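Heads up, the thing below is written out as structure tokens.
Worth saying up front: this structure is predicted, and the values here are computed from it rather than measured. All heavy atoms count here, side chains included; hydrogens, waters and symmetry mates do not. Heads up: numbering here begins at 1 and tracks the sequence.
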Amino acid sequence: MARTFFNRYIWLVDTIRRARYITLHEISNKWQRSSLNETGAPLPERTFFNHCKEISEQFGIEIKYVKPKGYCIANEDELGEDGLRNWMLNSISVNNTVRESADMRSRIIFEDIPSGFRYLNDIIEAMKMGKVLRIEYHDYDKDNASSVQLSPYCVKLFHQRWYVLGKVERYKQPRLFSLDRIEDLEILDSSFRLPKSFDAKQFFDEHYGVVIDDEIPPQRVLLKVTSQQWKYFQSLPLHKSQRELESNDQWSILEYHMAPTWDLAMELMKYYDKVEVLEPESLRNEVIDYAYCILEQYGERP
């Protein structure tokens, strides 16, 4: 029963969001045609208002009537600035589309996320309770796993992998652990307090991905990109600080403010002949070093 109502909430939020403004009569008509509606009956007004109340309490999504346009997601702009809720709204939309198109499921392909996902619920539960975790963590460059006690601060999804950031007693700064490298996990009885000054979004704000290096501060990064690649970066910015400084028919100069860490260098290598690092010199030289390594690996062109 709970799952049935949850699916209805997903359907209702997605229906209103897609329409932007919609009347109760139009919602009821769409509900009659929905695959979730086994009887084909219209949506009662009382049921609609009960659903709106539950959606507000469970998800923080406010559905309100705007005369004379109809019902809308009243706080959609606010939700758009909230990374988690925005992700949830988009996930709801995709989930609803797939469910309403059951005959198309074999033709809708999703990216897989490694099995570390199975520890996500326990980690979030420990975060809520303020409990320390014991994890058996296997670094790829080591033969065996090691036991680590971790105070979990936040979790982050990046390039199909979930990561947990937290405090380990022997280190001054928080450490990052990939969930797919955790072999075992236990929530301990000991508690911790999240530092009042810690802000998860701010912690990663000036970085490209998940590599945090205290010796590499955020700084100006300048890229010269081809006009074709600029179109891709316009639709999906490399970083939120992205700004175009100048352009012509062949290329654009883009400016960023972020830490030029290893994972940024690896990302830029993907674009090889389409992106050139202009600044900082350290990042440019790092990319050049990787290019020479590739050349040595494969040798001269036959």
Side-chain angles (χ1 to χ4, degrees), residues 77 79-84 86-87 90 111 113 140-141 153-165 171-178 197-301:
D77 289 343
L79 297 174
E81 296 174 357
D82 185 323
L84 177 60
N86 193 40
W87 176 73
N90 290 330
E111 287 188 306
I113 293 179
Y140 290 150
D141 59 350
Y153 285 6
C154 69
V155 291
K156 179 180 174 71
L157 179 64
F158 181 69
H159 283 183
Q160 297 176 254
R161 297 182 190 275
W162 280 102
Y163 296 85
V164 55
L165 177 80
Y171 296 107
K172 183 178 179 180
Q173 298 297 327
R175 309 287 289 184
L176 200 71
F177 298 87
S178 176
S197 60
F198 178 77
D199 184 308
K201 185 175 181 297
Q202 190 177 59
F203 187 87
F204 291 101
D205 234 12
E206 295 179 314
H207 292 78
Y208 166 71
V210 293
V211 175
I212 307 295
D213 189 334
D214 294 335
E215 296 183 2
I216 304 178
Q219 54 196 277
R220 187 190 199 211
V221 174
L222 279 187
L223 303 180
K224 181 179 181 180
V225 306
T226 63
S227 56
Q228 181 184 22
Q229 187 58 45
W230 170 227
K231 293 175 184 177
Y232 285 98
F233 283 171
Q234 280 182 307
S235 61
L236 186 62
L238 191 63
H239 185 261
K240 70 170 193 173
S241 63
Q242 178 173 290
R243 187 166 70 97
E244 184 184 34
L245 296 185
E246 57 179 288
S247 66
N248 58 35
D249 293 339
Q250 283 76 45
W251 48 261
S252 292
I253 303 297
L254 306 182
E255 181 186 49
Y256 302 87
H257 183 77
M258 56 180 165
T261 50
W262 172 84
D263 48 356
L264 175 60
M266 290 296 96
E267 179 66 15
L268 295 177
M269 287 292 293
K270 287 167 46 177
Y271 307 111
Y272 57 103
D273 63 336
K274 298 178 180 64
V275 174
E276 178 187 355
V277 178
L278 302 180
E279 294 181 19
E281 187 177 358
S282 59
L283 179 61
R284 181 181 175 87
N285 289 337
E286 187 172 6
V287 172
I288 291 173
D289 288 343
Y290 287 135
Y292 275 114
C293 286
I294 293 172
L295 188 61
E296 290 178 5
Q297 177 76 15
Y298 288 92
E300 295 184 6
R301 182 185 295 272

Worksheet item: Which atom names give the shortest non-hydrogen contact between Ala265 and Leu283, and what distance separates them?
Response: CB-CD1, 3.9 Å
Worksheet entry | Greater than 12 external heavy atoms within 6.0 Å of Glu281's CD | no
Worksheet item: Between Gln219 and Pro217, is there a donor-acceptor pair closer than 3.5 Å when you use the side chain of the first and the backbone of the second?
Response: yes
Worksheet item: Is it true that the NZ or CZ of Lys274 lies under 6.0 Å from the centre of Tyr272's six-membered ring and within 45 degrees of the ring axis?
Response: yes
Fill in: Validation row: Gln242, Phe233 side chains within 4.5 angstrom (heavy atoms)
yes
Worksheet item: Are any of the side-chain nitrogens in Arg284 or Glu279 under 4.0 Å away from the carboxylate oxygens of its partner?
Response: no
Worksheet item: Between Lys172 and Asp214, is the closest basic N to carboxylate O distance under 4.0 Å?
Response: no
Worksheet item: Does a donor on one side chain sit under 3.5 Å from an acceptor on the other, for Tyr271 and Glu267?
Response: yes
Fill in: Note, Lys156 side chain near Leu165 side chain (heavy atom, < 4.5 Å)
no
Discussion item. How long is the straight-line distance from CD1 of Ile216 back to CD of Glu286, given to the nearest 0.5 Å?
Written reply: 7.0 Å
Fill in: Rounded distance (nearest 0.5 Å) linking atom CZ of Phe203 with atom SG of Cys154
7.5 Å
Discussion item. What's the separation between atom CD in Glu206 and atom NE2 in His239, rounded to the nearest 0.5 Å?
Written reply: 7.5 Å
Practice prompt. Scan side-chain atoms only and decide if Trp262 and Tyr208 contain a donor-acceptor pair under the 3.5 Å cut-off.
Written response: no
Discussion item. I need the minimum non-hydrogen distance between Val221 and Pro280, along with the two atoms involved.
Written reply: CG2-CD, 4.0 Å
Fill in: Beyond-backbone contact of Val210 with Phe158, side-chain heavy atoms, under 4.5 angstrom
yes
Discussion item. Rounded to the nearest 0.5 Å, what separates atom NZ in Lys224 from atom CD in Gln229?
Written reply: 14.5 Å
Practice prompt. Verify side-chain contact (heavy atoms from CB on, under 4.5 Å) between Leu176 and Val211, making sure each step is shown before the conclusion.
Written response: CA-CA 8 Å; Leu176 200 71; Val211 175; over 6 Å; no
Item to complete: Output yes when a side-chain donor or acceptor of His159 lies under 3.5 Å from a complementary backbone atom of Gly209, and no otherwise.
Response: no
Worksheet item: How many angstroms lie between SG in Cys293 and CE in Met269, if you round to the nearest 0.5 Å?
Response: 8.5 Å
Worksheet item: So Ile212 and His207, side-chain contact (heavy atoms from CB on, under 4.5 Å) or not? Walk me through it.
Response: CA-CA 7 Å; Ile212 307 295; His207 292 78; 3.6 Å; yes
Worksheet item: So do Lys270 and Val275 actually touch side chain to side chain, heavy atoms under 4.5 Å?
Response: no
Worksheet item: Just wondering, do Ile288 and Tyr292 contact through their side chains at under 4.5 Å, heavy atoms?
Response: yes
Practice prompt. Indicate yes or no: at least one non-hydrogen side-chain atom of Ile253 is less than 4.5 angstrom from one of Val225.
Written response: no
Worksheet item: Is the shortest heavy-atom distance from the side chain of Arg243 to the side chain of Leu254 under 4.5 Å?
Response: no
Worksheet item: Taking all non-hydrogen atoms of both residues, which atom of Gln228 and which atom of Tyr232 are closest, and how far apart?
Response: O-CD1, 3.4 Å
Worksheet entry | Gap between atom CG of Leu223 and atom CD of Glu255 - 0.5 Å precision | 10.5 Å
Worksheet item: Do the side-chain N and O atoms of Ser252 and Glu244 include a donor-acceptor pair separated by under 3.5 angstrom?
Response: yes
Worksheet item: Run the side-chain contact (heavy atoms from CB on, under 4.5 Å) check on Arg161 and Leu157 step by step: do they pass?
Response: CA-CA 6 Å; Arg161 297 182 190 275; Leu157 179 64; 5.7 Å; no
Worksheet item: Should Pro237 and Tyr256 count as side-chain neighbours, where that means a heavy-atom distance under 4.5 Å?
Response: no
Fill in: Pair Leu238-Leu268, side-chain contact (heavy atoms from CB on, under 4.5 Å): steps then yes or no
CA-CA 10 Å; Leu238 191 63; Leu268 295 177; 3.9 Å; yes
Fill in: CZ/Phe198: more than 12 non-hydrogen atoms of other groups inside 6.0 Å
yes
